[in-house]
Engineer: 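Here's a structure for you.
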Amino acid sequence: MVVLKRIQSSTLMETLVATVLIVVIFMISSMLMNSLFASSIKQSNTKISERLHELEYQYQNRRIVLPYYEELDAWEISVVPKKKERTNIIIYRGIHTISNKTIERFNIDDK
């Protein structure tokens with residue numbers, strides 16, 4: 001006949017403390033991940049870079065006339081020509097109105 005062995009178990013207080021610790025750890029980690037995702041979305045320049053590339057393509061195919069200005073969300077976009085030492089340079093610039101962050105592209109005009 002099998003004799004049942006008594007297994008030592010934890011008390012209710014130990015179980016509650018462990019549960020609270022696990023919940024606190026998960027809460028802190030979720031807040032940390034939330035702030036990381038929010039900051040990566042705020043610092044994303046994908047949309048403005050795509051728009052500047054699109055404007056570059058449109059200018060090369062003579063779809064826009066310079067100087068060109070527009071607003072995209074919180075960005076002010078400008079496409080302006082500049083002459084530098086016998087060379088025409090097209091400047092594609094996006095300026096964020098809140099953070100004053102600037103993204104620029106330069107292109108030499110062949111026309």
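Heavy-atom basis, side chains included; hydrogens, waters and symmetry copies ignored.
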Engineer: Membership question, hydrophobic clusters at under 4.5 Å side-chain separation (ILVMFWY): are Ile28 and Val20 in the same one?
Structural biologist: yes

Engineer: Hey, is the main chain of Tyr69 close enough, under 3.5 Å, to the side chain of Ser78 for a donor-acceptor pair?
Structural biologist: no

Engineer: Kindly work out whether a path of hydrophobic side-chain contacts (I/L/V/M/F/W/Y, heavy atoms less than 4.5 Å apart) joins Ile89 to Tyr92.
Structural biologist: no

Engineer: With no hydrogens and no angle check, is any side-chain donor or acceptor of Thr15 less than 3.5 Å from a backbone partner on Thr11?
Structural biologist: yes

Engineer: Can you tell me if Ser49 uses its side chain to pair, donor with acceptor, with the backbone of Thr46 under 3.5 Å?
Structural biologist: no

Engineer: Quick check: do Glu71 and Ile77 have side-chain heavy atoms less than 4.5 Å from each other?
Structural biologist: no

Engineer: Report yes if the side chains of Asn45 and Ile48 come closer than 4.5 Å at any heavy-atom pair, otherwise no.
Structural biologist: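 When only atoms from C-beta onward are counted, Ile48 and Asn45 do touch, with a gap below 4.5 Å.
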
Engineer: Using 0.5 Å steps for rounding, measure from the CZ atom of Arg51 to the CD atom of Gln58.
Structural biologist: 5.5 Å

Engineer: Any chance you could measure Met31, atom CE, to Leu36, atom CG, to the nearest 0.5 Å?
Structural biologist: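 Reported to 0.5 Å precision, the distance equals 12.0 Å.
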
Engineer: Go through Glu70 and Val79 one step at a time and tell me if the side chain to side chain contact (heavy atoms under 4.5 Å, CB included) criterion holds.
Structural biologist: CA-CA 9 Å; Glu70 79 174 54; Val79 181; over 6 Å; no

Engineer: Tell me, please, which residues at least two apart from Glu50 pass salt bridge (Lys or Arg N to Asp or Glu O under 4.0 Å).
Structural biologist: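 Result, salt bridge (Lys or Arg N to Asp or Glu O under 4.0 Å) vs Glu50: none returned.
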
Engineer: Using 0.5 Å steps for rounding, measure from the CD1 atom of Ile91 to the NZ atom of Lys84.
Structural biologist: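 If I round to the nearest 0.5 Å, the distance is 7.5 Å.
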
Engineer: Using modelled atom types only, decide if a donor and an acceptor are shared between the side chain of Ser99 and the backbone of His96 within a distance under 3.5 Å.
Structural biologist: no

Engineer: Is a donor on one side and an acceptor on the other found under 3.5 Å between the side chain of Asn34 and the backbone of Ser30?
Structural biologist: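 Judged by distance alone, no pair lies under 3.5 Å.
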
Engineer: Indicate yes or no: at least one non-hydrogen side-chain atom of Thr102 is less than 4.5 angstrom from one of Trp75.
Structural biologist: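 Side chain of Thr102 against side chain of Trp75, heavy atoms only: no contact under 4.5 Å found.
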
Engineer: With sequence neighbours left out, what residues match Glu76 under salt bridge (Lys or Arg N to Asp or Glu O under 4.0 Å)?
Structural biologist: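 By the salt bridge (Lys or Arg N to Asp or Glu O under 4.0 Å) rule, Glu76 matches no residue at all.
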
Engineer: Could you go through the side chain to side chain contact (heavy atoms under 4.5 Å, CB included) check for Asp73 and Lys47 one step at a time?
Structural biologist: CA-CA 10 Å; Asp73 297 335; Lys47 193 172 184 180; 2.8 Å; yes

Engineer: Of all residues at least two apart in sequence or in a different chain, which pass the side-chain contact (heavy atoms from CB on, under 4.5 Å) check with Phe37?
Structural biologist: Met33

Engineer: Would Ile90 and Phe106 count as a side chain to side chain contact (heavy atoms under 4.5 Å, CB included) if you check the C-alpha gap in whole Å, the side-chain angles of each, and the deciding distance to 0.1 Å?
Structural biologist: CA-CA 6 Å; Ile90 309 300; Phe106 301 98; over 6 Å; no

Engineer: Test side chain to side chain contact (heavy atoms under 4.5 Å, CB included) on Lys101 and Ile95 and set out the steps.
Structural biologist: CA-CA 6 Å; Lys101 185 174 185 177; Ile95 301 173; over 6 Å; no

Engineer: Looking at CG of Asn88 and CG of Asn107, how far apart are the two atoms once the value is rounded to the nearest 0.5 Å?
Structural biologist: 11.5 Å

Engineer: Quick check on the hydrophobic clustering: are Leu52 and Ile64 connected, directly or via other members, by side-chain heavy-atom contacts under 4.5 Å?
Structural biologist: yes

Engineer: Does the side chain of Pro67 reach to within under 4.5 Å of the side chain of Val80, using non-hydrogen atoms?
Structural biologist: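 Pro67 reaches Val80 side chain to side chain.
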
